[in-house]
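Here the structure is laid out as structure tokens; the discussion comes afterwards.
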Amino acid sequence: MTPTEGPSPTGSDAGPAPQPGTGAEPVARGRTADEEATAGGGAVEDTSGEDVPGGGRRGDTVAAVVRQWQAVHPGLDTGPMEIIGRINRCAALLQQAEDAPLRRAGLSRPEFDLLGALRRTGHELTPGDLARETFSSGAAVTKRLKQLTERGLVERRGDTRDRRVVHLRLTDAGRDLVDAILPVQLAYETAVLSGVDGPEQGELAALLGELLSQLEGRLGVLRA
């Protein structure tokens, strides 16, 4: 799963940590449909798993939200909500679940993204390069680099031609840490996705890739 910029890991509700590398670490518990509706002041319908219009299952939280909006505005086209709402909900739950191995290593997801960018590109990067690679702000990158440098995971080198430019690279300790965490992280993500069949995972990846490609090309226009 491609790392993206997101909030720091939330809490430690994933439960006791089993041995790394097993791929069977527990997934952090999100709120149930009952809890979500209670928090939003709405009623919860039967969650028997029956298929409902708009995709998903009756226990799908977004499906409940869509039904509520359709009751208030029967003529409203909720199609976009049924897609984007589910993407946002999945992202929030996955953020909690997949960061468990990183928390055990004392890293946040944004910090690991910086280390991963330095490792996978295989060469020195400037703070500006890292900001672009990790979809982060310059200020956020500067703060995280300071912490990673203090931990001895990243080292800085001044540019011989321009003192304003700084080049960054992993230390041996930083490289070893990334290489140790990545297999555990991938095994963990495999466990998280285990409920989705292999062919469906491929179809989902292709659809998300198509959507992401379009958004990366058009989002600036949409924001204007």
Side-chain angles (χ1 to χ4, degrees), residues 1-12 14 17 19-23 25 27-28 87 90-193 201 205-206 208-209 211-213 215-217 219-220:
M1 169 167 308
T2 303
T4 58
E5 175 68 5
S8 298
T10 55
S12 56
Q19 293 298 316
T22 62
E25 290 87 342
V27 175
I87 290 175
C90 286
L93 292 173
L94 288 171
Q95 186 72 56
Q96 297 175 31
E98 71 170 8
D99 286 348
L102 304 184
R103 289 196 298 270
R104 291 198 291 272
L107 292 172
S108 68
R109 161 61 62 177
E111 288 173 339
F112 182 72
D113 286 349
L114 290 178
L115 297 176
L118 288 168
R119 183 67 175 112
R120 59 186 165 78
T121 57
H123 55 76
E124 295 180 346
L125 298 174
T126 66
D129 294 332
L130 285 169
R132 287 187 292 272
E133 286 284 340
T134 60
F135 308 98
S136 307
S137 69
V141 167
T142 297
K143 179 180 178 181
R144 291 163 192 152
L145 285 173
K146 182 177 183 295
Q147 296 168 339
L148 295 172
T149 300
E150 291 174 350
R151 289 183 59 180
L153 301 175
V154 173
E155 58 186 8
R156 306 160 62 95
R157 178 182 66 81
D159 192 288
T160 56
R161 295 172 297 181
D162 188 344
R163 293 183 179 180
R164 296 171 299 178
V165 178
V166 175
H167 299 274
L168 300 141
R169 61 189 174 194
L170 291 178
T171 62
D172 289 342
R175 185 180 301 105
D176 290 345
L177 181 61
V178 173
D179 289 349
I181 289 176
L182 187 58
V184 180
Q185 185 71 14
L186 289 173
Y188 197 87
E189 293 174 356
T190 298
V192 169
L193 294 172
Q201 287 189 27
L208 290 174
L211 175 61
L212 179 58
S213 179
L215 290 177
E216 288 177 337
L219 193 54

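T134 and A117 make their closest contact through CG2-CB, 4.4 Å (heavy atoms, listed as atom of the first residue, atom of the second, distance). Nearest heavy-atom pair, R156 versus V166, reported as atom, atom and distance to 0.1 Å: NH2-CG2, 3.7 Å. Between G152 and A173, the shortest heavy-atom contact is O-CB, 3.9 Å. Across every non-hydrogen atom of V141 and P127, the tightest pair is CG1-O, 3.9 Å. Nearest heavy atom pair, residue E111 against residue L107, reads OE1-CA, 3.5 Å.
Remark: R157 engages E124 in a salt bridge (charged side-chain N to carboxylate O under 4.0 Å, His left out) (not counting sequence neighbours). For R164, the side-chain hydrogen bond (donor to acceptor under 3.5 Å, both in side chains) criterion is met by D162, not counting sequence neighbours. The salt bridge (charged side-chain N to carboxylate O under 4.0 Å, His left out) test applied to K146 returns E150, not counting sequence neighbours.
Counting heavy atoms from C-beta outward, D113 and L130 have side chains that stay 4.5 Å or more apart. Put simply, the side chain of R119 reaches to within 4.5 Å of the side chain of D179, judged on heavy atoms. Counting only heavy atoms from C-beta outward, the side chains of L115 and I181 never approach each other to under 4.5 Å. Looking only at side-chain heavy atoms (C-beta outward), L170 and V154 come within less than 4.5 Å of each other.
A donor-acceptor pair is defined here as one N or O able to donate and one able to accept, closer than 3.5 Å; such a pair exists between the side chain of T142 and the backbone of G138.
Taking CG of L145 as the reference point, atom CG of L114 lies at 5.5 Å (rounded to 0.5 Å). Rounding to the nearest 0.5 angstrom, the gap separating the OG1 atom in T190 from the CD atom in Q185 is 10.0 Å. Of the inter-residue distances, the one linking T171 atom OG1 with R151 atom CZ reads 10.5 Å to the nearest 0.5 angstrom. Between the NE2 atom in H167 and the NE2 atom in H123 there is a gap of 12.0 Å [rounded to 0.5 Å]. Taking CZ of R144 as the reference point, atom OG of S136 lies at 5.0 Å (rounded to 0.5 Å). Once rounded to the nearest 0.5 Å, the distance linking CG of D172 with CG of L153 reads 11.5 Å.
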**Request:** Test L211 against I87 for side chain to side chain contact (heavy atoms under 4.5 Å, CB included), laying out the working first.
**Result:** CA-CA 11 Å; L211 175 61; I87 290 175; 3.6 Å; yes

**Request:** Could you check L125 against L168 for side chain to side chain contact (heavy atoms under 4.5 Å, CB included), going step by step and ending with a plain yes or no?
**Result:** CA-CA 5 Å; L125 298 174; L168 300 141; 5.6 Å; no

**Request:** Given side chain to side chain contact (heavy atoms under 4.5 Å, CB included), test R120 with L182 step by step and report yes or no.
**Result:** CA-CA 11 Å; R120 59 186 165 78; L182 187 58; over 6 Å; no

